[in-house]
Amino acid sequence: MRKENTFETRFRAAQLEAGYWRTGSTDEELGNWEDLVAQCEEGYDWNTDEYDFDLQPRDSLELALNDPVLNEHEEIEALRARVYEIDAGLRAIPHDQSVRDPAKHPWWECYVPRYGTREFVKDVYRRYGISISTVD
């Protein structure tokens, strides 16, 4: 019989309590977040709607970092360190103009990368009126 991982069980429960219709493990959400940051470092190549969708794993991870029950587990420190390590990649490349109010939204939702592929660059300008650099 497999022993239940109470940290992962609580992580999924926190997602459901927050209204998520699909839950993921911490490894899945970290992997998705890491993939997005890597894409942004190379030049995000979708549109702003997809970008907003791709930010969701970070929202999910933030739930874990702020969940009182999860913060009683020793695993939270390793998760926190990994999230912040991945965050550093996105924090290194933001455009200086925010697209959302930083007083009302988490930092990762407030800024787009300062460069992207042609489609993303055009969509950022169309949606936010911000010019970012093109990489191809």
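Below, all heavy atoms of this structure are taken into account, side chains as well, without hydrogens, waters or symmetry copies.
- For the atom pair CG of Leu79 and CG of Leu70, the computed distance is 8.5 Å after rounding to the nearest 0.5 Å.
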**Q.** side-chain contact (heavy atoms from CB on, under 4.5 Å) assessment of Glu34 paired with Val83
**A.** CA-CA 9 Å; Glu34 188 170 36; Val83 169; over 6 Å; no

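- The distance from atom CD1 of Ile130 to atom OH of Tyr111, rounded to the nearest 0.5 Å, is 10.0 Å.
- Interatomic distance, OG of Ser60 versus CG of Leu30, reported as 9.5 Å (0.5 Å rounding).
- Note: Leu61 CG to Gln15 CD = 8.5 Å, rounded to the nearest 0.5 Å.
- By the rule that hydrophobic residues join a cluster once side-chain heavy atoms approach within less than 4.5 Å of another member, Leu63 and Trp33 end up as members of separate clusters.
- A continuous path of Ile, Leu, Val, Met, Phe, Trp and Tyr side chains, each step under 4.5 Å between heavy atoms, connects Ile86 with Tyr84, placing both in one hydrophobic cluster.
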- [ ] Run the numbers on Cys40 and Ile93 for side-chain contact (heavy atoms from CB on, under 4.5 Å), then give the verdict.
- [x] CA-CA 8 Å; Cys40 291; Ile93 59 170; 3.8 Å; yes

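- Between Asp87 and Arg80 there is no salt bridge, since no side-chain nitrogen of the basic residue lies less than 4.0 Å from a carboxylate oxygen of the acidic one.
- Atom-to-atom distance recorded for Leu65:CG and Asn71:CG is 7.5 Å, nearest 0.5 angstrom.
- Between the side chains of Arg127 and Thr48, at least one donor-acceptor pair of N or O atoms lies under 3.5 Å.
- Smallest separation of non-hydrogen atoms from Glu109 and Arg100: O-NH1, 2.6 Å.
- For the pair Ser25 (side chain) and Glu28 (backbone), a donor-acceptor distance under 3.5 Å is present.
- For Glu29 (side chain) and Thr26 (main-chain N/O), no donor-acceptor pair under 3.5 Å exists by modelled atom type.
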Just do the side-chain contact (heavy atoms from CB on, under 4.5 Å) check on His95 and Tyr115 with the steps written out, would you? CA-CA 8 Å; His95 188 276; Tyr115 49 83; over 6 Å; no

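- Taking every heavy atom of both residues into account, Asp67 and Ala14 meet most closely at OD1-CB, 4.0 Å.
- Within the 3.5 Å criterion, the main-chain N or O of Glu119 finds no donor-acceptor partner in the side chain of Asn47.
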### Query
Given the rule in the side-chain contact (heavy atoms from CB on, under 4.5 Å) test, do Trp107 and Leu90 qualify, once you have shown the distances and angles that lead to the verdict?
CA-CA 10 Å; Trp107 68 267; Leu90 195 59; 4.1 Å; yes

Would Arg10 and Asn5 satisfy side chain to side chain donor-acceptor pair (under 3.5 Å), going step by step from the backbone distance to the final call?
CA-CA 9 Å; Arg10 175 61 198 152; Asn5 180 325; over 6 Å; no

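- Side-chain contact, Glu62 with Asn66: a donor N or O sits under 3.5 Å from an acceptor N or O.
- The two residues Gly24 and Phe11 come nearest to each other via the heavy atoms O-CE2, 3.1 Å.
- Taking the six-membered ring for Trp and thresholds of 30 and 60 degrees, Phe120 and Tyr51 have ring planes inclined between 30 and 60 degrees apart.
- Summarising the geometry of Leu36 relative to Asp54, their closest heavy-atom pair is CD2-O, 3.3 Å, with the distance given to 0.1 Å.
- Taking the centre of each ring, Phe7 and His73 come in below the 6.0 Å mark.
- Asp59 and Trp108 are linked by a side-chain donor-acceptor pair at a separation below 3.5 angstrom, with hydrogens and angles left out of the test.
- To the nearest 0.5 Å, the span separating CG on Asp27 from CZ on Arg82 amounts to 10.0 Å.
- Salt bridge absent: Asp96 and Arg114 never bring a charged side-chain N and a carboxylate O closer than 4.0 Å.
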